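Small disclaimer: the values here were computed from a predicted structure and weren't measured.
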Number of protein chains: 2
Amino acid sequence: MTASPKYTMEDVTERLGITARTLHYYEEIGLLPAVMRTDGRHRIYDEIMLERIEHILKLKRVLGASLQEIRDILQAEEELEHIKASYYKEPHTEEERDLLLDQAIERLQSIIIHIDEKMAKLQAMRQSFGERLDRANRLKHRSLPDR
Amino acid sequence: MTASPKYTMEDVTERLGITARTLHYYEEIGLLPAVMRTDGRHRIYDEIMLERIEHILKLKRVLGASLQEIRDILQAEEELEHIKASYYKEPHTEEERDLLLDQAIERLQSIIIHIDEKMAKLQAMRQSFGERLDRANRLKHRSLPDR
DNA sequence: TACAAAACTAACGTTAACGTAAGTTGTATA
DNA sequence: TATACAACTTACGTTAACGTTAGTTTTGTA
């Protein structure tokens with residue numbers, strides 16, 4: 001069992017461009033469960049935690065989601081992972097598995113619908129700004145101005 | 001000159017689903033300049049103001065922009081309108097017009113770039129969630145499970 | 001082992017975008 | 001004209017997502 005590399009608080013904050021307070025806060029509100037500690041209660045992060053943190057930051061920046069929404073998304077993902085794991089290890093009845101899977105699928109679908117709606121609106125807005133830009137460019141190059 | 005219809009505070013809040021405080025606040029921070037008033041200092045809104053407010057709300061919801069950013073976008077749009085208007089009415093030298101147009105074009109382009117970046121990231125995220133969903137669906141229908 | 005640098009906890013501060021309450025005027029209608 | 005309801009201004013309150021001390025332990029290094 002080869003131990004994965006460990007990172008200190010400073011490692012993480014410098015690498016991800018965030019502050020210690022942010023990590024403290026995410027832990028406070030339950031976004032980062034069970035962070036490992038040294039004997040002296042200093043935090044240690046491993047690769048898995050790093051990926052989780054990066055995932056959170058990405059969801060924040062790209063989706064513009066609140067930490068509360070991110071919590072829900074992460075939970076949906078974890079349920080899915082749990083289901084996948086137990087699919088191979090634990091014995092389940094067909095019905096149990098189907099129920100769990102359906103729940104996870106439903107959550108994923110609602111996330112995707114959310115994203116799709118957002119993209120559609122962005123698309124429409126992008127187009128309207130594009131048209132404005134076109135008009136401005138036509139004005140500049142003195143082809144027949146509209147209006 | 002046929003006067004455009006006027007709307008009261010209640011008209012606007014009910015129609016747009018916002019509160020009076022929001023309109024007061026937008027005025028406070030300069031997002032809604034020169035709102036008309038009755039003799040008794042009650043606010044009156046016309047179609048143009050309504051459209052401006054709707055535009056602001058759309059930018060907020062779709063772009064997730066802060067009111068500060070929205071202020072900048074509105075300013076860019078107004079500059080462009082002003083340029084278009086003055087193109088026909090006021091006399092300008094070629095250089096003056098080109099300078100103003102270039103500034104407006106630059107602002108519009110930066111907005112569009114912003115939108116495009118956001119869409120690209122959303123696209124990537126959408127795809128990753130789509131793949132997760134596919135895996136879950138494969139699990140459910142018991143075709144060869146991956147991993 | 002001694003000490004500077006790093007991390008810890010606890011707690012109050014800050015900003016954006018409004019919410020809410022209070023007391024005062026305006027306005028529409030009987 | 002009386003009155004109920006709408007809108008006004010002023011000002012303090014609230015929530016999310018951290019920022020910022022402050023005072024106290026840990027830890028890596030000389």
Side-chain angles (χ1 to χ4, degrees), chain A residues 3 5-46 49-50 52-75 114, chain B residues 3 5-46 49-50 52-75 114:
Chain A
K6 308 296 184 198
Y7 303 99
T8 174
M9 176 58 81
E10 205 178 21
D11 293 338
V12 179
T13 56
E14 282 181 5
R15 182 152 154 187
L16 301 186
I18 58 181
T19 71
R21 182 70 242 258
T22 299
L23 289 173
H24 291 169
Y25 184 65
Y26 286 0
E27 223 179 305
E28 262 180 60
I29 64 173
L31 268 184
L32 296 179
V35 172
M36 288 168 49
R37 303 289 187 122
T38 65
D39 291 348
R41 307 203 49 74
H42 282 197
R43 292 171 178 80
I44 324 173
Y45 301 89
D46 59 8
M49 269 296 169
L50 264 190
R52 188 182 176 101
I53 298 168
E54 285 182 310
H55 190 52
I56 292 173
L57 296 176
K58 199 172 174 184
L59 286 170
K60 248 195 59 149
R61 289 196 274 256
V62 177
L63 272 190
S66 71
L67 297 185
Q68 191 49 243
E69 291 167 331
I70 291 176
R71 228 188 55 76
D72 295 344
I73 293 176
L74 291 183
Q75 192 184 335
H114 208 75
Chain B
K6 309 296 183 196
Y7 304 99
T8 175
M9 174 60 80
E10 204 177 21
D11 294 338
V12 179
T13 57
E14 280 181 6
R15 182 152 154 187
L16 301 187
I18 59 181
T19 71
R21 182 70 243 256
T22 299
L23 289 173
H24 291 168
Y25 184 66
Y26 287 0
E27 224 179 304
E28 262 180 61
I29 64 173
L31 267 184
L32 295 179
V35 173
M36 287 167 50
R37 303 288 188 121
T38 66
D39 291 348
R41 307 204 49 73
H42 282 197
R43 292 171 178 80
I44 323 173
Y45 300 88
D46 58 10
M49 268 298 170
L50 265 190
R52 187 181 176 102
I53 297 168
E54 286 182 310
H55 189 51
I56 291 172
L57 296 175
K58 199 173 176 184
L59 286 171
K60 250 196 59 151
R61 289 197 275 256
V62 178
L63 273 189
S66 70
L67 298 185
Q68 191 49 242
E69 291 166 331
I70 291 176
R71 227 188 55 76
D72 294 345
I73 293 176
L74 292 182
Q75 192 185 337
H114 207 75

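Phosphate proximity of dG19(D) to Thr19(A): present, with a side-chain N or O under 4.0 Å from OP1 or OP2. When the side-chain nitrogen and oxygen atoms of Lys60(A) are compared with OP1 and OP2 of dC18(D), one or more of them lie within a distance under 4.0 Å. Residue Arg21(B) places no side-chain N or O under 4.0 Å from the OP1 or OP2 atom of dA16(C). Distances shorter than 4.0 Å separate some side-chain N or O of Arg37(A) from OP1 or OP2 on dT9(C). Between Thr8(B) and dA7(D), a side-chain N or O to OP1/OP2 separation shorter than 4.0 Å is present.
Map Thr22(B) and Gly40(A) each onto its nearest nucleotide of DNA chain C; the residue landing nearer the 5' end is Gly40(A). Comparing Thr38(A) and Ile29(A) by the nucleotide of DNA chain D whose heavy atom lies nearest to each, the residue mapping closer to the 5' end is Ile29(A).
Separating the CD1 atom of Ile44(A) from the C1' atom of dG28(D) is a distance of 14 Å, rounded to the nearest angstrom. Spacing between atom OH of Tyr25(B) and atom C1' of dT15(D) amounts to 14 Å, rounded to whole angstrom units. If you take NE2 of His42(B) and C1' of dG26(C), they are 4 Å apart, rounded to a whole angstrom. What separates CG of Asp39(A) from C1' of dT26(D) is a distance of 11 Å, to the nearest Å. Atom CE of Met9(B) and atom C1' of dC8(D) are 9 Å apart (whole Å). For the pair Lys6(A) NZ and dA7(C) C1', the computed distance is 19 Å after rounding to whole Å. Summarising the geometry, the separation between NE2 on His24(A) and P on dC12(C) is reported as 18 Å, rounded to the nearest angstrom. To the nearest angstrom, P of dT15(D) lies 14 Å from CD of Gln68(A).
With hydrogens and angles ignored, the 3.5 Å screen pairs no side-chain donor or acceptor of Glu27(A) with any backbone N or O of His24(A).
Across all strands, Arg41(A) comes closer than 4.0 Å only to sugar-phosphate atoms, never to a base (heavy-atom distances). At a threshold of 4.0 angstrom between heavy atoms, the contacts of Leu67(A) are confined to the sugar-phosphate backbone, with no base atom among them.
One finds the CG atom of Leu50(B) at 6.0 Å from the CD atom of Glu54(B) (value rounded to the nearest 0.5 Å).
Of the candidate nucleotides dA17(C), dT26(D), dT9(C), dA17(C) has the atom lying nearest to any side-chain atom of Ser66(B).
Tyr26(A) pairs by the side chain to side chain donor-acceptor pair (under 3.5 Å) definition with nothing, not counting sequence neighbours. Judged as a side chain to side chain donor-acceptor pair (under 3.5 Å), and not counting sequence neighbours, the contacts of Thr19(A) are Thr22(A).
The shortest non-hydrogen separation linking Tyr7(A) to Val12(A) is CB-CG2, 4.0 Å.
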